[in-house]
Amino acid sequence: KLPAFLHVISDIIRVKAEQKGLAFRLYLPANLPASVMIDERRLRQVLLNLLGNAVKFSDRGEVCLYVHNLKHNDAEATLRFEVQDTGPGIPADQLQTIFNPFEQAGDMQRRHGGSGLGLSISRQLVKLMGSDILVYSRLGAGSHFWFELTLPLGDELTPSPSPAKTSDLH
């Protein structure tokens, strides 16, 4: 089930956030589809990277994962995944370069423990799923990353069309 998948991601991040004294919040809409067809590994990697960065670069406040059901019909749903933090923010002149391989924003102390590939890989994975990662940030006020995916609704009675590439999160 999609909600259960998102709760597992949240539990992983919540532990990391609480170790740093941060709050972690997950916001799911009441009308979240129970089942969608998606490459579960790709989505997990992207969400864990964005949320992990939010925890890594925040020293106070909170990290939030919002999932919005923007539109849906009987066949598909368009979901927006948003990661917000109360970290130091990213300078405007670095907002696009953070997606380049081996680029990292922030002070040198925070850059340790990463290769600078996470956002680049995450952006490529989201592009493979038909979207892009967007970012808004203000210095001293945190960062906000988001992407939208239009996903076919899953059917518990029908197996995934390509088990090697997609999972039916139901």
Side-chain angles (χ1 to χ4, degrees), residues 2-3 5-14 16-17 20 22 24-29 32-33 36-59 61-72 76-107 110-153 165-167 169:
L2 180 59
F5 168 83
L6 294 167
H7 281 285
V8 168
I9 300 288
S10 296
D11 290 344
I12 293 167
I13 295 301
R14 182 174 286 107
K16 293 179 181 185
K20 285 192 69 178
L22 302 169
F24 176 78
R25 302 190 198 306
L26 170 65
Y27 296 94
L28 299 178
L32 184 69
V36 295
M37 300 294 293
I38 185 133
D39 185 325
E40 188 176 329
R41 277 189 235 132
R42 283 183 186 168
L43 182 58
R44 178 183 297 113
Q45 185 172 352
V46 170
L47 290 174
L48 286 176
N49 180 265
L50 293 175
L51 291 163
N53 282 348
V55 169
K56 177 180 174 180
F57 288 99
S58 297
D59 290 327
E62 65 183 14
V63 171
C64 301
L65 172 59
Y66 296 88
V67 181
H68 303 279
N69 187 350
L70 300 180
K71 62 182 176 180
H72 65 275
E76 63 186 20
T78 299
L79 304 177
R80 177 183 293 156
F81 298 87
E82 299 182 31
V83 173
Q84 289 183 311
D85 66 57
T86 54
I90 302 165
D93 64 338
Q94 294 180 20
L95 282 177
Q96 287 310 307
T97 62
I98 60 171
F99 291 103
N100 294 339
F102 307 109
E103 289 287 332
Q104 292 182 325
D107 61 50
R110 291 183 194 278
R111 293 182 192 191
H112 293 297
S115 64
L117 288 172
L119 283 177
S120 176
I121 291 169
S122 292
R123 178 173 249 180
Q124 290 305 313
L125 291 174
V126 170
K127 284 184 176 185
L128 288 171
M129 292 186 278
S131 189
D132 197 4
I133 298 177
L134 302 171
V135 60
Y136 171 80
S137 187
R138 258 188 28 228
L139 284 177
S143 299
H144 178 186
F145 289 82
W146 73 95
F147 59 95
E148 296 175 7
L149 299 174
T150 299
L151 304 167
L153 296 179
K165 293 190 177 186
T166 61
S167 293
L169 287 176

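Under the rule for a side-chain contact (heavy atoms from CB on, under 4.5 Å), the partners of S137 that lie at least two apart in sequence or sit in another chain are I90, L95, S143. A search for ring-ring contact (aromatic ring centres under 6.0 Å, His included) contacts involving H72 returns nothing, not counting sequence neighbours.
Between L119 and L50, the closest heavy-atom pair is CD2-CD2, 3.6 Å. The two atoms that bring L26 and S10 nearest to each other are CD2-OG, 3.3 Å, heavy atoms only. Nearest heavy atom pair, residue R14 against residue D11, reads NH1-OD1, 3.2 Å. The shortest non-hydrogen separation linking K56 to K20 is O-NZ, 3.1 Å. Between S58 and V63, the shortest heavy-atom contact is OG-CG2, 4.4 Å. The shortest heavy-atom contact between L153 and M37 is O-CG, 4.2 Å.
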For this session: List the steps, then state whether side chain to side chain contact (heavy atoms under 4.5 Å, CB included) holds for L70 with T150.
Result: CA-CA 9 Å; L70 300 180; T150 299; over 6 Å; no

Problem set entry | Chi angles and distances behind the side chain to side chain contact (heavy atoms under 4.5 Å, CB included) call for L32, L6 | CA-CA 11 Å; L32 184 69; L6 294 167; 4.0 Å; yes

Exercise. Step by step, would you call I13 with L65 a side chain to side chain contact (heavy atoms under 4.5 Å, CB included)?
Worked result: CA-CA 10 Å; I13 295 301; L65 172 59; over 6 Å; no

For this session: Would you please test D85 and F57 for side chain to side chain contact (heavy atoms under 4.5 Å, CB included) and show each step?
Result: CA-CA 9 Å; D85 66 57; F57 288 99; 5.8 Å; no

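Between V67 and P3 the shortest side-chain heavy-atom distance does not fall below 4.5 Å. Between L2 and L79, the closest side-chain pair of non-hydrogen atoms falls below 4.5 Å.
I98 contributes atom CD1, which lies 8.5 Å from atom CD of Q94 (distance to the nearest 0.5 angstrom). If you take CG on N69 and NZ on K71, they are separated by 11.0 Å, rounding to the nearest 0.5 Å. In this structure, the separation between CG on L43 and CZ on F5 is 4.0 Å, given to the nearest 0.5 Å.
Legend: salt bridge (charged side-chain N to carboxylate O under 4.0 Å, His left out) pairs involving residues 61-70, not counting sequence neighbours, sorted by first then second residue: R25-E62.
Looking only at distances, a side-chain donor or acceptor of S131 sits under 3.5 Å from a matching main-chain atom of E148. K16 places no side-chain N or O within 3.5 Å of a backbone atom of G52 that could act as its donor or acceptor partner.
A ring pair (Phe, Tyr, Trp, His ring centres under 6.0 Å) with F81 holds for exactly one of F147, F145, Y66, Y27; it is F147.
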